Structure formats: C-alpha cells, structure tokens
Amino acid sequence: MWKRLAIILGVVCLSLMPTVVLASNPTVTITVSAWVVGTPSGLVITYISDTEVQLDWTKGAGAENTMVRASYGRAPENRDDGYLVYYGDGITATDTGVNFDEGVADVYYRVWSQSATGTWEEVGVIDFMENPNMILAVFGILALGLFISTFAVPRGRVILAFASAGAWMLLGVYSYTKSVAVWDIYYSLFWLSMGLVFVCVLIPVILREKKDDEPELEFDEYAEYEDDSDPFLGKRKKHRRKAQY
C-alpha cells in the first residue's frame with residue numbers, strides 16, 4: 001500500500017514540476033523598431049533674388065513626400081516651427097516667402113521625408129542661405145571707413161588707400177555674384193565699387209602732386225617769430241614748414 005502511495009505521489013510531482021518552473025520564469029517583452037524612411041540628401045540652396053530662393057534635393061530612400069520649412073536666424077525645431085515652404089512628392093521648390101530686405105539674419109531650411117504610409121523620419125537635413133545684405137553691409141562699412149581715413153590720416157595715406165581699394169574690390173566682386181539682371185542694384189553696385197577702386201589707387205598720386213606744387217617756405221618768412229632767448233626756435237620753424245605739407 002505504501003509503495004503504491006509513493007508511486008502516485010511521485011507521478012503527481014513530476015506532472016506538476018514543468019508548470020512550476022514555467023510559472024517562476026519572468027515575462028520578457030522585446031520591441032523592435034523597424035526602419036521607416038530615409039532622410040533627404042543633396043540639399044542645394046540657390047539665391048535668385050532678395051525675395052526668392054530655389055531649393056533642390058534628393059528624396060530619401062522609401063520616401064513618398066517631402067516637407068520643407070524655413071526660419072530666420074536658426075533652424076526649424078520641428079515640422080510646426082517656422083514657415084512652410086513646400087510639401088509634396090517633388091524634388092525642387094521655390095521659397096517666395098523669404099525677404100532678405102527685412103533684416104540681416106540668415107535663413108535656415110530643414111527638410112523631412114514621409115513614407116507612403118504617412119510615417120515621418122524625425123531627423124531631417126538642415127542647411128542655410130547667408131543674407132547677402134549682411135555681407136554687403138560689412139564690406140561697405142569697411143570700405144567706406146578706409147576711404148575716409150585715407151584723407152583724414154596723412155601719414156598712412158598710401159597704405160589706407162590701397163586697403164580701401166581692396167575692400168571696394170571685394171564689395172564689387174561679391175555684388176557681381178549676386179547680380180541676376182543687367183543694371184539691377186547689385187550690378188550697379190559692382191560698377192560703383194570698381195570706380196572707387198580706381199579712385200583709391202589714384203589718391204596717393206593726386207595728393208602727392210598737390211604737395212609738390214606748393215612753394216617751399218623760407219626761414220625768413222618766420223623772422224617775426226625769431227627770439228634768440230628761445231632754444232627751441234629752430235625746431236619750431238622746422239615743424240611749421242612740415243605742417244604746410
């Protein structure tokens with residue numbers, strides 16, 4: 001009897017053992033994020049005018065649509081930030097909402113891809129267009145400051161004149177690259193800058209000829225200032241003669 005009871009209990013324990021082991025194991029959940037859509041690439045920004053910028057890009061792998069947003073001074077943080085430039089299935093767009101005349105800040109663009117199922121990739125690609133007016137303002141202030149200094153500082157006139165010519169040259173070359181039509185404001189500024197380059201180069205020559213045409217002063221013209229008791233009389237005469245030049 002006891003043997004039968006022991007056999008029955010052994011069979012019961014063996015039948016319950018797998019259940020007990022499985023019940024003691026913790027449940028593990030594994031989440032796998034599948035690849036959704038690729039980020040756009042090859043973003044190219046082309047300046048057309050102060051109120052028009054062209055953008056071209058290559059679609060991301062598996063992308064159906066592309067969204068382009070813009071913002072002044074910083075990149076758009078998300079798909080609701082800044083202003084909408086484009087949304088569709090193309091690979092080029094024109095930003096006609098930009099206006100560089102309103103300020104000197106650069107314009108930043110961010111482009112996202114969307115899959116055919118409506119899923120977005122969250123990274124996007126970012127690039128920016130420099131405000132041409134900011135660069136023109138820097139070159140213009142530098143060139144004008146050096147140009148005025150050429151007349152105000154006689155001792156460094158030659159150096160300042162050539163430095164001013166170089167600044168006007170940079171301003172002219174940059175203006176020419178921004179010109180999109182004959183005699184637009186940038187094309188006109190180019191020719192104005194080139195003319196001032198020529199003037200700056202001639203300034204030292206013109207002022208030198210003017211100096212050479214002045215008559216040389218004689219010491220006798222300062223006879224009324226002579227005073228034998230003044231040991232610095234000779235030096236003062238010399239300085240007065242130099243001041244005439």
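Remember, predicted model here, so these are calculated numbers, not experimental data. Only this structure's heavy atoms are used, side chains among them; waters, hydrogens and symmetry mates stay out.
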Are Val44 and Ile48 grouped together when hydrophobic residues (ILVMFWY) are joined by side-chain heavy atoms under 4.5 angstrom apart?
no
Regarding Thr94 and Thr96, do their side chains bring together a donor and an acceptor under 3.5 Å, going by distance alone?
no
Could you pull out the closest heavy-atom pair between Leu55 and Ile45, with the gap in Å?
CD2-CG1, 4.1 Å
Quick one: do Val173 and Leu189 end up in the same hydrophobic cluster if we chain Ile, Leu, Val, Met, Phe, Trp and Tyr together by side-chain heavy atoms under 4.5 Å apart?
yes
Check whether any side-chain N or O of Thr119 sits under 3.5 Å from a backbone N or O of Ser115 as a donor-acceptor pair, and report yes or no.
no
Validation row: Thr66, Val111 side chains within 4.5 angstrom (heavy atoms)
yes
Got a sec, which residues hit side chain to side chain donor-acceptor pair (under 3.5 Å) with Trp120, two or more places apart in sequence or on another chain?
none
Would you tabulate the side-chain donor-acceptor contacts of residues 134-150 under 3.5 Å, counting partners in other chains and residues two or more places apart, or write 'none'?
| unit_1 | atom_1 | unit_2 | atom_2 | d |
| --- | --- | --- | --- | --- |
| Ser149 | OG | Gly145 | O | 2.8 |
| Thr150 | OG1 | Leu146 | O | 2.8 |

Does Ser175 have any side chain to side chain donor-acceptor pair (under 3.5 Å) partners at least two apart in sequence or in another chain, and if so, which?
none
With sequence neighbours left out, write down each residue that passes side chain to side chain donor-acceptor pair (under 3.5 Å) with Asn65, or none if nothing qualifies.
Tyr87, Gln114
If you group Ile, Leu, Val, Met, Phe, Trp and Tyr by side-chain heavy-atom gaps below 4.5 Å, do Met67 and Val107 land in one group?
no
Value for OG (Ser71) from CZ (Phe128), rounded to nearest 0.5 Å, stands at 13.5 Å
Phe100 meets the ring-ring contact (aromatic ring centres under 6.0 Å, His included) criterion, sequence neighbours left out, with none
Do other residues, nucleotides or ligands put more than 12 heavy atoms under 6.0 Å from Ile159 CD1?
no
Any salt bridge (Lys or Arg N to Asp or Glu O under 4.0 Å) pairs touching residues 108-122, not counting sequence neighbours?
Arg79-Glu122
Is Trp168 close to Leu192 at the side-chain level, that is, under 4.5 Å between some pair of heavy atoms?
no
Locate the shortest heavy-atom distance separating Ala70 from Val85; write the atom from each residue and the value.
CB-CG2, 3.7 Å
Consider only side-chain heavy atoms of I, L, V, M, F, W and Y, link residues closer than 4.5 Å, and tell whether Phe162 and Ile203 are in one cluster.
no
In this structure, are over 12 heavy atoms from other groups packed under 6.0 Å from Met129 atom CE?
yes
Where at least one partner belongs to residues 126-150, residue pairs that pass salt bridge (Lys or Arg N to Asp or Glu O under 4.0 Å), sequence neighbours excluded:
none
Run the side chain to side chain donor-acceptor pair (under 3.5 Å) test against Tyr176 and tell me which residues pass, sequence neighbours left out.
none
Residue pairs passing the ring-ring contact (aromatic ring centres under 6.0 Å, His included) test where at least one lies in residues 52-74, sequence neighbours excluded
Trp57-Tyr86
Ile126 versus Tyr108, closest heavy-atom pair with distance:
CG2-CD2, 4.4 Å
Name all pairs fulfilling the salt bridge (Lys or Arg N to Asp or Glu O under 4.0 Å) condition that reach into residues 48-76, sequence neighbours left out, sorted by first residue then second.
Arg74-Asp81
Using modelled atom types and a 3.5 Å cut-off, is there a donor and acceptor pairing between side-chain atoms of Asn131 and backbone atoms of Ala105?
yes
Atom pair OG (Ser164) and CZ (Arg157), whose distance is rounded to the nearest 0.5 Å:
13.0 Å
Using the test side chain to side chain contact (heavy atoms under 4.5 Å, CB included), find all partners of Thr177 that sit at least two apart in sequence or belong to another chain.
Tyr174
Taking side chain as C-beta onward, heavy atoms only, is Asp95 less than 4.5 Å from Tyr83?
yes
Only counting residues at least two apart or in another chain, list the ones meeting ring-ring contact (aromatic ring centres under 6.0 Å, His included) with Trp112.
none
More than 12 heavy atoms of other groups within 6.0 Å of Leu202 CG
yes
